Structures are given as structure tokens and as C-alpha cells.
Protein chains: 2
Amino acid sequence: MTGRSDPSVPSTPEAGTPPLPDEFAFIRRHFLALAGPAALGLADDAAIFTPEPGRELVIAADAMVEGVHFLSDDPPDTIGRKLLRANLSDIAAMGARPFGWLLTLACPGRAADPRFSEAWFSAFADGLAEDQRLFGLSLLGGDTTSTQGPLVLSLTILGDVAPGQALRRNGARDGDGLWVTGTIGDGALGLKVLLGDLPDQNGWLAGRYRLPSPRLGLHLAGIAHAAMDVSDGLVQDAGHLARESGLSVTIDADAVPLSAAAKAAGSREDLLALCLTGGDDYELLLAVPDNQARTLQTQCAAANVPVTRIGRFNAGAGEVHVSRADGTVFPLERQGWSHF
Amino acid sequence: MTGRSDPSVPSTPEAGTPPLPDEFAFIRRHFLALAGPAALGLADDAAIFTPEPGRELVIAADAMVEGVHFLSDDPPDTIGRKLLRANLSDIAAMGARPFGWLLTLACPGRAADPRFSEAWFSAFADGLAEDQRLFGLSLLGGDTTSTQGPLVLSLTILGDVAPGQALRRNGARDGDGLWVTGTIGDGALGLKVLLGDLPDQNGWLAGRYRLPSPRLGLHLAGIAHAAMDVSDGLVQDAGHLARESGLSVTIDADAVPLSAAAKAAGSREDLLALCLTGGDDYELLLAVPDNQARTLQTQCAAANVPVTRIGRFNAGAGEVHVSRADGTVFPLERQGWSHF
């Protein structure tokens, strides 16, 4: 983990045995406890590790921006974990197992934004430490810098997988069922709750917005023909699976599983469009042939992960059809979120 | 490479064979040409690659923020390359060879900042493509998102090295010489030139600020006991080598190599303090025993990389002494840059 030049804050000159420059002391204070042996004490230019022989490596990176992907008043312990879990969801979507991560942090200076106190960073790092234990990870490295703008986090996740066993988006076949883990829409509804636009009796929806559950540990190679995680909206992401596989997909809107909290937050009729397109779900979307449906259900039940069939792939070129149980078209004004 | 939700910009609904959502079309338009086979067309949740058997992997991440690490009016083709080269410098410092990278981009919306046109991104990606060819890399993945603040880039670099051959910061020994590649201070002086505070006849200094030269391809295992790259200021970074090695280091300020352009920009007396502490050098700092000095020089000459002995490691605990040729102490108000 390295520090980078910030022309606004020179470090102090030394006398005798020098103290660490502020940034390096800061990194050690908050992040050294997260570092595994490969991170070399966060004191070198890079981390070094020996990949497990005979495995393929899987790597992805995602960024999150305050005010776009999380709220300024989200608790600090959930902010880093949300990004970590979103990245873990990518690893889960590939059917891989995660082992390490790197984090860069562009943070408003404390003078400009007094939120970013020692206590804030302690809580931020404690949250990440908890997830490291939960998911069996270690921090490999990263960088901290200051910014005049909002907090920006970028996280790179590393995992591995047996050769040829990775799940891709482009493997769905005509006739495969479309399946989804967990429940859809909680994250989007949770954002509405946190913005004061929706009731949430027990905190479930807000919790799902802040702390998604990456669906790691399902052994889906040989069961699913294709997989991805739902981050930008179920309809749009199902479209990605269809497009990459050279098929169309039909989603039965009435089959899409909603949580008890989502059902309690309003009428299905009112909330369904948001659930189908809102994103921030971090559930797995799977293309599974009917002859593997039972195996999929057994596998997911063993892992205590709900799984629901919500549609079917057919011949086509990336079209997404969203229909009601009575066969009518479900009207949608959009499919999901896009940048630019 | 994935897109992430930006609540301000919904994608359009589809009719018939759907177009790609804007962000995904944007990613393919500008970044697909950079992607290697491992990136799976930037269309999946993660990249997959098979590490070369019997090698250790080296990984690092750095972020750069507009207005902190580069100027808002820097040419777009140099902005990404500066970050890539800073990361490559970390790989060089480990004695490793780079092969892949991931990039996340938090970018002001075009409506908010009309700088970020298609032409801007074309030039940005073209610069990166040029460096990919130069350094033998391929893009593995990444993410784009919008921000209300300045442009923030985060880059993760991957390389590999023969087992046990990586250079560390903690290996310097009492009596080792302190050596540095290239010239020191050009980046810091280049920033002054770009801010209008210093003349630069031929663009050399500004060029060094915008496009550092990572010192890859030197085979220093068995020659250098320790290495790092100079990013935050020569004096401070030499202090890191000393501290990690449990030694002190003495720098002969008068031996520190300055470029012809630096010498022409002002008197050595006026500029030396800035050169010693300004950072943005991305040269290698090496601890080399005297009996390897000749081999080091031969090796560097073969690679056409200047290398200069500028000091010595001694017993100590991280102290940095900066002296003149006449033995007096060189006065410094600071050692380098620090965040927070």
C-alpha cells in the first residue's frame, strides 16, 4: 500500500529516529491488521503471492462513489463492505472462490470534511475486517489519496477456479430456464427507505441496500450454462445474458421472488417495476437446463440459498420480454441503470 | 468491465433487438481494443487467466485524482498513461515483469463537464493503447461510473517474477551504496513549469511530469539488496528503504543527478531542495553492495538507463541524513509528500 503525492500537505521534517509520514502511519494504523502475508506488511511497492498450481485466476474491479452507490450518511462500517461484497458477487458469478483484494481510497481531507475522523476510519476498517473473516480473504495492497470531491473507493478482487469450470455469460442455450437466487428489489427499495420515501419496519430493506449477500460457495459448474450477478437491474442484466448467448429471454414478472419486507413495503403492483430494474441486488442470475433444475435446487437448499425459476431463454438476439402470468406484457419505462 | 448504477441516468427502454445500454456501448467503443483474451471481451463479471506455472505473481494498485496527481488541462492521452506508468514503476521496483491491468474510472458527467467528450475518451484510450504496446500489456477489466467531483482513476497492475527473485525494500545492508536511476526532480520541476512558475525550453520537464519512464527490464536480482521506486520524494523514499531495512541512509545531495533541462531551469542551489523532495520521479532507488557496483553499471548501460551512486546505508533506525560534498548538512524543510 503506497501513498501518493498530495501537494497540499507536506510531511514534516525529521529529527533523530523519524516518525512515519502521516499517511503511512495512517495506513498501518487502520489497514495493517487486514493484510495477509502476501501484502508484505503494506510496506513494499507491491504484494507477492504464489498462485495455487493448476488453478485459473479470476480478477475484477469495481468503483463506488459517495452519493451515487452509497449515501453520505451510511455507517462507515458498511461502505467498504458494500463494495467488497459487490466485487465478491462478481467472483460468485464466475463460480470462483475469492482470496484477496486491493483497495484504493480517494477521500476528502479531514479539514474539508470533518466526517472523516479516526473513528470513521476505524469503523470503516473494522467492517472490512469482519467481512475478511466471513469470506476468507486477505488485503493485498492499495493506495490512499485525497480528493476535493466525494469519497471514491475502488476495489480489485482476486479469486481462483478449477480450469474450465468458470461460469460465463455466453453459455445459455435455447430452452434453458432463467433462475435467480434470493429475492429481487430489496436494494432498490432499501435506497427508497433510506431516502424517506418508503416505510421499512425492521431495517431489512435498508440492510440489503447497504450490505448485499454475495452468493459464494454454490458449486454450479455442470449445472448452470451461464451466470452473472444482478447489479444494474434484473431486466437489463438478463438482457446481457441473452445478448452474450445470442438468445432472447422472457421473464415472468409475477414469478420474481420478493422478500417479506418488500411485500410489506407496498403493493406488488406499485413496487414491481422498481424491483425489476432497480439494481443493487447482487443475486445470481443463472441459465439452467431443465434436466439440471432439481440438482440446482438441491445444491442451493444445501447452502441455504433460495433459488427461483423466473423465465426462459429462447432463440433471439438479446431481446428481453417481461410478461405477466396471464401472458400480457409488463410495461417498463427502463431496464436498469447505465453510466453516461 | 462492468457498469454500475448511476441513479441520475436511466437507460432507455428497448424495442426489438435492443441496443447496448449507453455505458456498455461506451466501454466497448473505447476500451475493447485494449482488452486481451483474458478479459473475455469486457463482457463478463471478471477476467480469467492462467498464471505461468512456477512464477510468483506481483500486484499493486494506485489511484490518481485530477488536481492532485495531474492537472485538469493535461492532454487526455497522458492522463491514463501517467497512472499506468506509475503502477509499472511499482512492478519495476519489485524486479518483476508486468502483463495485465484493470482500470476504474469515476468521471464527471458530460453535462456537468463538457471536457469529457467522445474525443477526450478516444485520446485517453489511444494513449493507453500506445503504452500497452510499448510495455507488452493487456487490459483485464475495470469499471466506469460517474461522480460529482473531479476525475478519479484507479489502476491495478499485475506482473510476475521468478520465485524468490522479487526485490524488497527491507534487504539493504550496512555499507550498501544508495543508487538511483535516471535523473531526479524533473517531475516536480515539470509541475512548476506547467503552473507557469519555471521556464522549460524544450518541454522535457513537463513531459517527465506527465509521462514518467518506468525502469522495467533491468535484471537486478542478485545485484541489488533492496529496491523501491521514487514517487513521493527522494529523501522520504530513501527513508522508507532505510527504515524497512533497519538502517540509516546518507544522501550526498551534490551527487544527485539532475537532467540538462533541470540544470537549465535555474541554479542547482535554488532547485535542489525541490528536486530532492518533490516526488513524481518514478526512478528506481537501489541498495547495492560495492562489489556489485560494476555489474549494476554494466547492466544499466546495456539497457541505456543512467544509474548514479548518491549515498550509503549505515547502522541506524530509519534516519535520513542529507549532506553536501563538503560534509555540511543540506537543509530541508520537508522530506516528501504525505496524504492527510
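These figures come from a predicted structure and were not determined experimentally. In what follows, every chain begins at residue 1, and chains take the letters A, B, ... in the order their sequences are listed.
Contact count versus chain A (heavy atoms, under 4.5 Å) is highest, among Gly54(B), Pro51(B), Gly41(B), for Pro51(B). Comparing Ser154(A), Pro150(A), Ala47(A), Ala60(A) by heavy-atom pairs within less than 4.5 Å of chain B, the highest count is held by Ala47(A). In terms of heavy-atom pairs under 4.5 angstrom with chain B, the leader among Thr50(A), Ile157(A), Thr156(A), Leu40(A) is Leu40(A). For the set Arg55(B), Arg168(B), Glu56(B), the entry with the most heavy-atom pairs within less than 4.5 Å of chain A is Arg168(B). Ranked by heavy-atom pairs under 4.5 Å with chain A, the first of Ile48(B), Ile59(B), Asp160(B) is Ile59(B). Put simply, of Leu57(A), Val65(A), Val58(A), the one with the most heavy-atom pairs under 4.5 Å next to chain B is Leu57(A).
Scanning all heavy atoms of the two residues, the minimum distance from Pro214(B) to Ser89(B) falls at CB-N, 3.7 Å. Minimum interatomic distance between Asp90(B) and Asp62(B) (heavy atoms only, all atoms of both residues): OD2-OD2, 3.0 Å. For Asn170(B) against Glu244(B), the heavy-atom pair with the smallest separation is CB-O, 3.2 Å.
Side-chain contact between Trp101(A) and Leu139(A) is present, with at least one heavy-atom pair separated by less than 4.5 Å.
Contact annotation for Ala96(B): neither backbone nor side-chain heavy atoms come within less than 4.5 Å of a heavy atom of chain A. Only the side chain of Leu102(A) comes within less than 4.5 Å of a heavy atom in chain B; its backbone stays farther off. Of the two parts of Leu158(B), only the side chain, counted from C-beta on, holds a non-hydrogen atom closer than 4.5 Å to a non-hydrogen atom of chain A. Only the side chain of Val152(A) comes within contact range of chain B, judged by heavy atoms closer than 4.5 Å. With a threshold of 4.5 angstrom between heavy atoms, Ala227(A) approaches chain B through N, CA, C or O but not through any side-chain atom. In this structure, the portion of Met94(B) lying under 4.5 Å from any heavy atom of chain A is its side chain and not its backbone.
Ion pairing between Asp229(B) and Arg215(B) fails under the 4.0 Å rule for side-chain N and carboxylate O.
In this pair, His30(A) and Phe121(A) present their aromatic rings tilted. The plane angle is within the 30 to 60° band.
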Inset, instruction - Check step by step if side-chain contact (heavy atoms from CB on, under 4.5 Å) holds for Asp45(A) and Arg169(B). - result: CA-CA 8 Å; Asp45(A) 287 278; Arg169(B) 292 185 183 180; 3.2 Å; yes

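Annotation: cation-pi pair Lys192(A)/Tyr209(A) absent, no NZ/CZ under 6.0 Å from the ring centroid and within 45° of its normal.
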